[in-house]
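Worth knowing before you read on, the calculation uses all heavy atoms, side chains too, and leaves out hydrogens, waters and symmetry mates. In the text below, chain A, chain B and the rest are named by the order of the sequence lines, each starting its count at 1.
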Amino acid sequence: MAALPILNFEEKISETVEQNQVVVVIGETGSGKSTQLSQILHRKGYSKSGIIGVTQPRRVAAVSVARRVAHELSVQLGDEVGYAIRFEDRTSNKTYIKYLTDGCLLREGLSDPELKQYSVIILDEAHERSLNTDILMGLMKRLMRLRPSMKILITSATLDGEKVSTFFSNCPVLQVPGKLYPVEILYSTERPKSYLQAALKVALDIHIKEPPGDVLIFMTGQDDIEKMVTKLEERVQSLEEGTCMDAIILPLHGSLPPELQVRVFSPPPPNCRRFIVATNIAETSLTVDGVVYVIDSGYVKQRQYNPSTGMYSLDVVQISRVQADQRAGRAGRTSHGKCYRLYPSMVYREELLEATVPEIQRSSLAGSVLYLKSLELPDINILKFDFLDPPSRESLEDALKQLYLIDAIDENGLITEVGRKMAELPLEPSLSRTLIEANVLGCLSEALTVSAMLSAETSLLPARSKGAERKRKHPASHLPNGSGLGDHIQLLQIFEEWHHENYDPQWCVHNDLQVRGMMFTKEVRKQLAQIMLKVAKGPVDLRANKKSRESKHDYRNLRKALCIGYANQLAERKIHHNGYRTLGYKSQLVQVHPSSVLETDEYGHLPNYVVYHELIATSRPFMRNVCAVELSWVSSILKKMEKLDVNKLSGSSYASESDGQERKEGTGMPINEAAAGNASEDHLNKIQAARERYLARKANK
DNA sequence: GAGCACTGC
């Protein structure tokens with residue numbers, strides 16, 4: 001095995017860590033930082049006073065890196081070296097190096113906010129800026145003061161170490177070279193009218209003119225990928241026999257069943273070039289070996305949240321320079337590579353954002369704010385929490401409003417008893433609230449099922465392909481229809497049927513449900529039930545088989561519990577038609593998503609009130625996953641909405657959270673409000689501008 | 001009457 005570059009820096013790293021509490025380590029792909037940093041610190045004796053914890057944004061990474069390190073140290077995985085991911089804790093009291101997902105570390109923080117069992121925390125892949133990593137970075141900054149002996153390392157693959165260093169009081173930044181081969185970057189001379197056509201042309205050019213090596217093409221989504229695969233197949237076949245080598249064309253995206261995804265890991269037959277047409281799943285999550293050529297469309301599909309409307313949208317936006325470089329790097333893993341960017345260098349230099357807008361500025365923050373509130377950090381005010389890139393004030397206020405309407409915080413912004421229980425549940429706050437109410441109303445079992453089903457929902461239905469869709473149109477689905485009351489009820493009924501079939505995998509296959517997704521649901525439900533047993537004070541009724549009782553009552557209790565949980569996701573039907581307007585937000589006109597099983601009454605009317613799981617703007621604003629509720633349940637929520645006072649929720653919480661103690665400027669967190677507002681508004685404007693440019697170009701073609 | 005990138009507790 002060739003020596004990893006990072007080992008040449010062992011002395012330097014040890015020394016720097018010795019002398020500093022926080023160190024940023026910049027290491028490109030192949031530097032060995034993920035596997036070696038923990039071992040270096042172990043050799044230096046840091047594992048004597050506690051565990052060396054290394055976080056990863058993804059489960060597979062946590063598991064595979066832990067396995068590798070256990071192997072290198074010749075120990076049994078789970079003994080001295082272990083990992084922890086959801087549903088799987090492979091550590092023991094012997095463990096001194098522990099790899100875990102950042103979500104897992106946050107969970108551990110609930111019972112131990114100072115993370116006392118750790119002597120070292122390494123936040124790996126921090127440049128990906130996942131929501132959880134960002135929260136952890138804020139918490140680490142606070143721990144610096146509380147745990148002076150703890151060592152904190154932040155690792156990043158890109159060169160924006162200065163920003164992180166500034167955040168952590170100008171801590172040192174170490175650079176470790178990677179093992180990537182040089183990649184030649186080739187730009188288009190102008191913007192393509194259709195990047196699909198442009199990608200096709202470049203792909204064929206490579207196939208005809210360039211030496212062997214696989215081609216990785218970055219597209220935005222499943223539709224484009226399927227079109228590209230079809231066209232590329234046609235064109236390759238029409239090439240004259242013997243003019244060039246064979247070709248295999250493989251799609252690669254998240255909704256592809258796992259067995260088709262793994263095809264990219266089997267090497268191609270001899271004298272055959274592979275074309276992998278992928279979403280940004282191939283940017284970080286999956287690494288395809290053998291890629292020499294990358295074709296970069298310059299676009300990505302990104303989900304963003306608008307805190308003033310409570311609506312998500314899924315937009316095609318320009319990638320950032322960091323992303324463009326990451327994509328290019330995929331060509332240099334095995335040898336010299338080439339990256340063809342389907343846009344001019346001017347676009348790269350002047351139009352692309354430096355870095356991707358971090359997730360924390362694109363998501364609803366109700367869950368994260370509840371988490372921070374539940375830690376009850378006496379010195380922290382949520383609106384002034386020190387984030388590397390603060391979310392907008394509007395976004396934080398939206399989170400506070402949501403939490404207030406579902407009783408997780410009181411009118412002064414203080415966490416309630418209910419809120420504390422909610423924070424224990426690994427669910428969105430709306431569903432946590434539903435579970436707690438359901439336990440009161442005697443329908444916890446049903447609510448557990450609904451929550452678990454919604455947690456897995458995207459992976460339940462098999463990948464749609466146009467042909468299969470048409471075939472499936474008529475053979476009537478035998479799945480239950482939610483009794484016309486909506487999608488939550490349908491999800492419940494589906495699971496209950498599966499339960500009656502003794503969780504038979506064949507039943508899933510027969511009903512076009514993904515076995516893996518349903519198994520996941522079952523596991524989530526089990527986990528949620530265990531947590532409810534722990535947090536609920538009164539009796540907990542978990543029997544999964546009381547189907548008849550709730551259904552005889554039209555699932556009234558369950559729907560009532562959902563109504564309490566989704567207090568901030570309520571819509572009222574317009575009088576003359578079946579459109580709805582949302583309540584509680586800047587009122588939006590929305591429609592029930594056509595995939596919904598919600599039914600009209602004998603007059604053709606949909607229910608007057610519904611709650612929705614999610615607002616998503618695609619071709620139009622839609623409510624996805626809706627459930628019929630009743631006016632009498634809604635009225636108390638409406639009253640609460642009227643009473644809502646954001647200033648009290650956010651402003652005065654400061655005084656009460658600090659227990660009346662005087663807080664001097666400079667002893668707590670730096671106050672960063674102005675920056676917060678401007679930074680994210682600026683980001684949003686840029687996203688918007690990029691989107692408009694894209695749409696304009698699309699309209700032109 | 002529509003269609004969804006990717007993670008994670």
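Between the A:Ser297 side chain and the A:Tyr299 main chain, a donor and an acceptor come within less than 3.5 Å of each other.
Look at CD on A:Glu523: it is 11 Å from P on B:dC9, rounded to the nearest Å. What separates NZ of A:Lys526 from P of B:dC9 is a distance of 16 Å, to the nearest Å. We find that CG of A:Leu314 is positioned 10 Å from P of B:dG3, with the value rounded to whole Å. Look at CD on A:Glu599: it is 16 Å from P on B:dG1, rounded to the nearest Å. Remark: P of B:dT7 and CG of A:Asp124 are 17 Å apart, rounded to the nearest angstrom. Whole-Å rounding puts the A:Gln304 CD to B:dC4 P distance at 14 Å. The CD-C1' distance, from A:Glu614 to B:dG3, rounds to 14 Å in whole Å. Remark: C1' of B:dA2 and CG of A:Asn625 are 14 Å apart, rounded to the nearest angstrom.
You'll find the ring centres of A:Tyr343 and A:Tyr348 outside the 6.0 Å limit. A:Tyr612 and A:His488 have their aromatic ring centers separated by at least 6.0 angstrom.
In this structure, A:Gln591 does not reach the B:dG1 phosphate: none of its side-chain N or O atoms is under 4.0 Å from OP1 or OP2. OP1 or OP2 of B:dG3 has at least one side-chain nitrogen or oxygen of A:Ser619 nearer than 4.0 Å. The phosphate of B:dG8 (OP1 or OP2) has no side-chain N or O of A:Arg107 nearer than 4.0 angstrom. Taking side-chain N and O atoms only, A:Thr101 has a distance below 4.0 Å to OP1 or OP2 of B:dC9.
Within the 4.0 angstrom heavy-atom criterion, only backbone atoms of the sugar-phosphate kind lie near A:Ile85; the bases stay farther away. Among the atoms of the strands shown, only primed sugar atoms or phosphate atoms (P, OP1, OP2) are found under 4.0 Å from some heavy atom of A:Ser285. Using a 4.0 Å heavy-atom cutoff across all strands shown, A:Asn280 reaches sugar-phosphate atoms only and no base atom. Among the heavy atoms of the strands lying under 4.0 Å from A:Arg58 are primed sugar atoms or P, OP1, OP2 only; no base atom is included.
The side chain of A:Arg620 approaches B:dA2 more closely than any other nucleotide in the set B:dA5, B:dC9, B:dA2. Nearest to the side-chain atoms of A:Arg59 among the listed nucleotides B:dA2, B:dC9, B:dT7 stands B:dC9. Ranking B:dC9, B:dC4, B:dT7 by closeness to the A:Ile281 side chain, first place goes to B:dT7.
When each of A:Leu252 and A:Ala84 is assigned the nucleotide of DNA chain B bearing its nearest heavy atom, the one mapping closer to the 5' terminus is A:Leu252.
Listed by chain and residue number, A:Tyr305 satisfy the ring-ring contact (aromatic ring centres under 6.0 Å, His included) test with A:Tyr312 (two or more places apart in sequence, or in another chain). For A:Ser130, the side-chain hydrogen bond (donor to acceptor under 3.5 Å, both in side chains) partners two or more places apart in sequence, or in a different chain, are A:Asp102, A:Thr133.
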